[in-house]
Structures are given as structure tokens and as C-alpha cells.
Amino acid sequence: MKKHLLILILALSTLSAFAQITGIHATDARLCFHGRVLRTASDVTADWTGVYVHAHFLGNYLAVRLSDTGKNYYNLYIDREMTAEPDRIICTTGDTTVVLFTARRPKEHTVTLYKRTEGEQGRTTFHEFLVQGELLEAQPYKVRQIEFIGDSYTCGYGAENSTQHDHFTPQTETSAKTYAAIIARYFDADYRLIAHSGMGIARNYNSKFPDWYMPDRYEQIFDMDSTAAMRWTADTTIFRPQITVILLGGNDFSTGRQPEYDAFAHNYQRLLQTIKTNYGTSHPVVCCVKKGVPTLTEYVRQVVEQCHLPEVYFCPFYDGLFHDDERNLGADWHPNYEGHRKAAHVLIPYISTITGWELQDKKL
């Protein structure tokens, strides 16, 4: 009788523990954030596209309390790796609590929240995660890590649109369907996206934001904050990519204009030098060029040949090696998911050769 009573007491005490919801600061070491973020005493704030957080818990409920300065969209993945298609898409705006997972019985689960939209859509501050059960140690950083630097292509601008005649909406932007995310998933790598639509090397789209280009934005903690106090340095993170991929320059040649080569080369070499300062002179950098702009291709080719930096490679997307202009375009003539898959197919063997990472027999 006493034995049965003890079992009942233990069972009731376990149920009682799982009935309680505990608030855990977003800065808790058991949570794993990927991407450039700002940590304060209890909050984690981010605005770059592609920032993601892993949570691992034993229980039957997980929510997050956050605030957003705009309206962002996030992919939610439950008990699996990130893919192009999430289990759910979440919209964040204002001060809110978002339920990420709920179930009748407590079990061990993993949850990943991935930012689809870019900095112009707003900045998200994660305040606390609410757990019914016990928060466990999240999946650590993977051995392989890649950094991607780009513009709207890398942001996934219009990647979920079905036609090039549609215009941009935040709902159809998703960096999870870009060549960058596809490549990272193929190599089972963590990745960081430093990308903003309209940014160029020495000229932005339609000459917007003069004197502030991607070589400047690259050193920011926040995509949308250029103040000196918000500058990023590589020694503030454990993220150490084995390779950096740059896909920039299309905006420099937008609206029928282009920068002078000397200005373009100066800024491109400045970006390359900053990357080398971050990760070392032997760190490989792949300089890609979108198709259809021959002068841009020649500009980047000359920069790579003349920069006098080791381990800098040139990889142009020639016609036929990227999207076609009938079936593979999304909003405003940007590549859709199929177009991005084609780009990934071009870059994957190149990255494999440079890094020594083996090719996989898997579908992209």
C-alpha cells in the first residue's frame, strides 16, 4: 500500500512540475542563436534576414514573448532540420506572445525559429521563452559554417511568387529558399546571411543611400542601424565560417547606370580586406556575379585578379547556369525557388573543391 502511495505522489509531483510555465530569459545559455544579434541583460535583438534560434526542451508547451518594431515573418520547424518548407509561418508585430508548440503529453522536442524577412521589415527583440517543463541544452553550432554576403537575391526577395509580374510583398520574401540556404543545407552547415535588398558595392539600386554601400553595412550588428555604437567585430562571436560567398554588383548596374571601375574596385577590395581581417588571410572567399551583365562580370574578374589577396576566387553565373526568364522568376524579376536551386547547383561543386567538403548524393 505504501509503495503504491509513493508512486502516486511521485506521479502527481511530476504532473505538477509540467503544469507550471516558467519564463526563461532569451539570453539563457541553453538557447542557441545564429546570426548577428545584440545581447543585453535578458534580451536578444536581431533584424538581419536568416537569423535563427534553436530551443530544446522536455515538456508539452513552448512559447516566446517578443516585441517587433515592424512586421516580420518567421519559419517554424519542430523536431527536424530546417528546410525550404516550414511547419508553420509566424508573423510577429508589436508586443506579443507566440505559442510555438503545445501537446497533451510531455516529451522531448526541438524547435527552430528562422527569420524570413530582412531588416527593413523591422527589428525583433526576444524577451523570454515560456516553457511548461524543462529547457534543455540546444543543438550547438555545426562544424561547418558558411557566410553569405548579398543583396535581394540572398534575401529571397519574391522567392515564393509564381510570376515576375508580381510586385514585392514581405509575405513572399524568404531567405530559406535562396541559393545560400540550399547550399548550407546541402553541406549540413550553419550559415549567416549579411544581405539587404538594393545594396551594391559602389552604387545602390537607383542610386539610393549614396555613400553607404554593402562594404559599410557589412560591419553592422543591425542591418538597419549604421551608428558607430552598433558596429560588429568578428571577435564577438563563436561563428567562424570556413568560407565566404559574395553575390553583389547587380544593383551597381541598375536603371541603366554604372559606377566607374576605380570606385567599384576600391570598395570591393575594401570588403575583401575586411573579411580577411575577420577570419585570416587564408580564409577563402568566392566572388559571384549574376548573369546578364557582362561589364559587371569583367569588373569582378579584374578585382579578383588585382586584389593581391590569397584564396579569392571568381565564379560568374553565365547564361544557362542560373534561372531562365520564363519559368524561374518570382516577384519583380527575381529568381524563385527553382531559380535559386539552379544557382546552388553551380556553386556547390565549386565550394566542395575549395573547402574539401565531399559532394553528397542528395536532392537539392
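Residue numbers run from 1 in the order of the sequence given. The shown structure was predicted, so the numbers you read here are calculated from the model rather than taken from an experiment. All values below were derived from every heavy atom in this structure, side-chain atoms included, with hydrogens, water molecules and symmetry-related copies excluded.
- Using modelled atom types, one finds no donor on one side chain facing an acceptor on the other under 3.5 Å when comparing H308 with Q269.
- Residues R185 and E81 are not paired through a salt bridge, judged by the lack of any N-O separation under 4.0 Å between the basic side chain and the carboxylate.
- A 4.5 Å side-chain heavy-atom check between R301 and T297 finds at least one atom pair inside the cut-off.
- In this structure, H345 places its NE2 atom where more than 12 heavy-atom neighbours from other residues, nucleotides or ligands lie under 6.0 Å away.
- Between L76 and P86, the shortest heavy-atom distance links the atoms O-CB, 3.6 Å.
- At most 12 heavy atoms of other shown residues, nucleotides or ligands fall within 6.0 angstrom of atom CZ in R257.
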Test L248 against L271 for side chain to side chain contact (heavy atoms under 4.5 Å, CB included), laying out the working first.
CA-CA 11 Å; L248 285 168; L271 177 59; 4.1 Å; yes
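- Put simply, CD on E120 and CZ on F168 are 8.0 Å apart, with the number rounded to the nearest 0.5 Å.
- Between R217 and the options D223, D211, D47, D225, a salt bridge (charged side-chain N to carboxylate O under 4.0 Å, His left out) holds for only D223.
- The two residues F209 and Y213 make their nearest non-hydrogen contact at O-CE2, 4.1 Å.
- At most 12 non-hydrogen atoms from other residues, nucleotides or ligands lie less than 6.0 angstrom from CG of D361.
- The nearest pair of heavy atoms linking E134 to V131 is N-CG1, 3.9 Å.
- Between the CG atom of D252 and the OH atom of Y205 there is a distance of 13.5 Å, given to the nearest 0.5 Å.
- Ring geometry for Y74 versus F126: interplanar angle over 60°, hence perpendicular rather than tilted (30 to 60°).
- Under the 3.5 Å distance criterion, with hydrogens and angles disregarded, a donor-acceptor pair is assigned to the side chains of T124 and D68.
- Side-chain atoms of Y218 and Q220 form no donor-acceptor pair, as typed in the model, at a separation below 3.5 Å.
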Evaluate C287 against Y268 for side chain to side chain contact (heavy atoms under 4.5 Å, CB included), listing each step before the verdict.
CA-CA 10 Å; C287 303; Y268 208 121; 3.2 Å; yes
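- At least one side-chain heavy atom of L100 sits under 4.5 Å from a side-chain heavy atom of I90.
- Y191 and Y52 have tilted rings, their planes meeting at an angle from 30° to 60° on a 0 to 90° scale.
- There is a side-chain donor-acceptor pair under 3.5 Å between T112 and H54.
- For the pair V300/P316, no side-chain contact is recorded, criterion being any heavy-atom separation below 4.5 Å from C-beta on.
- In E260, the CD atom is not crowded: 12 or fewer heavy atoms of neighbouring residues, nucleotides or ligands sit closer than 6.0 Å.
- No more than 12 heavy-atom neighbours from other residues, nucleotides or ligands sit within 6.0 angstrom of NZ on K208.
- A donor atom on one side chain and an acceptor atom on the other are found under 3.5 Å apart for S207 and R203.
- Closest of all the heavy-atom pairs between T178 and C155 is CG2-C, 4.0 Å.
- Each of D28, L135, L31 was scored for a side chain to side chain contact (heavy atoms under 4.5 Å, CB included) with F129, with one residue passing: L31.
- Across all non-hydrogen atoms, the minimal contact from G198 to N251 is C-ND2, 3.2 Å.
- In the model, R39 has no side-chain atom that pairs as donor or acceptor with a side-chain atom of T236 under 3.5 Å.
- Using a 4.5 Å heavy-atom cutoff, the side chains of I275 and I149 are in contact.
- Closest heavy-atom contact between P259 and F264: CG-CD1, 4.1 Å.
- In this structure, CH2 on W48 lies 13.5 Å from OG1 on T117, to the nearest 0.5 angstrom.
- The pair R144-E358 meets the salt-bridge criterion, since a charged nitrogen lies less than 4.0 angstrom from a carboxylate oxygen.
- Taking the six-membered ring where tryptophan is involved, the planes of Y153 and H340 are perpendicular, since the angle between them exceeds 60° and thus also 30°.
- In this structure, the separation between CD on E118 and OG on S197 is 3.5 Å, given to the nearest 0.5 Å.
- The shortest distance between side-chain heavy atoms of K115 and T49 does not fall below 4.5 Å.
- One finds a salt bridge joining R270 and D216 here, because a Lys/Arg side-chain nitrogen approaches an Asp/Glu carboxylate oxygen to under 4.0 Å.
- The ring of H34 has its center no closer than 6.0 angstrom to the ring center of Y114.
- Counting heavy atoms from C-beta on, the side chains of T237 and R192 come closer than 4.5 Å.
- In summary, the side chains of D43 and T125 do not present any donor paired with an acceptor at a separation below 3.5 Å, with no hydrogens or angles considered.
- Contact check for P241 versus H283: side-chain heavy atoms found under the 4.5 Å cut-off.
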